[in-house]
Amino acid sequence: MVRQNYGPNIEQEKLTITCMISLYCKKKHGQFEKQLCVTCEDLKRYAIARLILCRYGEQKSTCEKCLTHCYRKDYKEKIKNVMRFSGPRMILYHPQMALKHLYKNIFHHN
């Protein structure tokens, strides 16, 4: 049986990754926030699917601190590029979300 996660922590993670990918696509590919390029849309769908199926569910840490890396190698490289680019910029574009993510990354353990 496949566990699906839809609680508030997973929803927050989905929102955060969506914002990070949107920011990346807008700045790197010239796309608008609501319209992603094909590659970024694919990455977003993959990332959200991984969140929905996360084995840690509502107790999950940030992906950076996760004990079980569930991304396929090709997607792992793509998401790392997005996070390296968008992570520092999130404080300017989505400060509250960036601070929540930073707090979770520092204080949450699996």
Provide the closest heavy-atom pair for A47 versus I17 in the form atom of the first, atom of the second, distance.
CB-CG1, 4.0 Å
At their closest point, which heavy atom of I91 faces which heavy atom of P95, and how far apart are they?
O-CB, 3.3 Å
Report the distance from atom NZ of K100 to atom CD of E13, rounding to the nearest 0.5 Å.
11.0 Å
Does the Y46 side chain pair with the main chain of R72, one donor and one acceptor, at a distance under 3.5 Å?
yes
So OG of S61 and CD1 of I106: to nearest 0.5 Å the spacing works out to 13.5 Å
So do the side chains of Q12 and M97 get within less than 4.5 Å of each other, counting heavy atoms only?
yes
Interatomic distance, CZ@R50 vs OH@Y71, rounded to 0.5 Å, equals 8.5 Å
K78 charged N/C atom sitting above Y75 aromatic ring, 6.0 Å / 45°
yes
Just do the side chain to side chain contact (heavy atoms under 4.5 Å, CB included) check on L67 and Y56 with the steps written out, would you?
CA-CA 10 Å; L67 301 173; Y56 300 106; 3.9 Å; yes
Can a salt bridge be assigned to the pair E41 and R45 using a cut-off of 4.0 Å between side-chain N and carboxylate O?
yes
Taking every non-hydrogen atom, the tightest pair across Y24 and N81:
CE1-O, 3.8 Å
NZ (K28) and CD1 (I21) are apart, to the nearest 0.5 Å, by 15.0 Å
Can you tell me how far NZ of K76 sits from NE2 of H69, rounded to the nearest 0.5 angstrom?
5.0 Å
Main chain of I10, side chain of E58: is a donor-acceptor contact present, judged purely on distance under 3.5 Å?
yes
With side chain to side chain contact (heavy atoms under 4.5 Å, CB included) as the test, would you mind laying out the steps for L36 and D42 before giving the verdict?
CA-CA 9 Å; L36 299 175; D42 178 60; over 6 Å; no
Cluster link L92 to L99, ILVMFWY, side chain under 4.5 Å
yes
If only atom types and distance count, is the side chain of K104 paired as donor or acceptor with the main-chain N or O of K60 below 3.5 Å?
yes
Flag for Y93-S86: side-chain donor and acceptor within less than 3.5 Å:
no
Side chain to side chain contact (heavy atoms under 4.5 Å, CB included), that's the test. Do L15 and E11 meet it? Break it down for me.
CA-CA 6 Å; L15 182 60; E11 290 303 316; over 6 Å; no
Measure the CD-SG distance between Q59 and C54 for me, rounded to the nearest 0.5 Å.
9.5 Å
Specify the closest pair of heavy atoms between T16 and M90, including all atoms of both residues, with the distance to one decimal.
O-CE, 4.3 Å
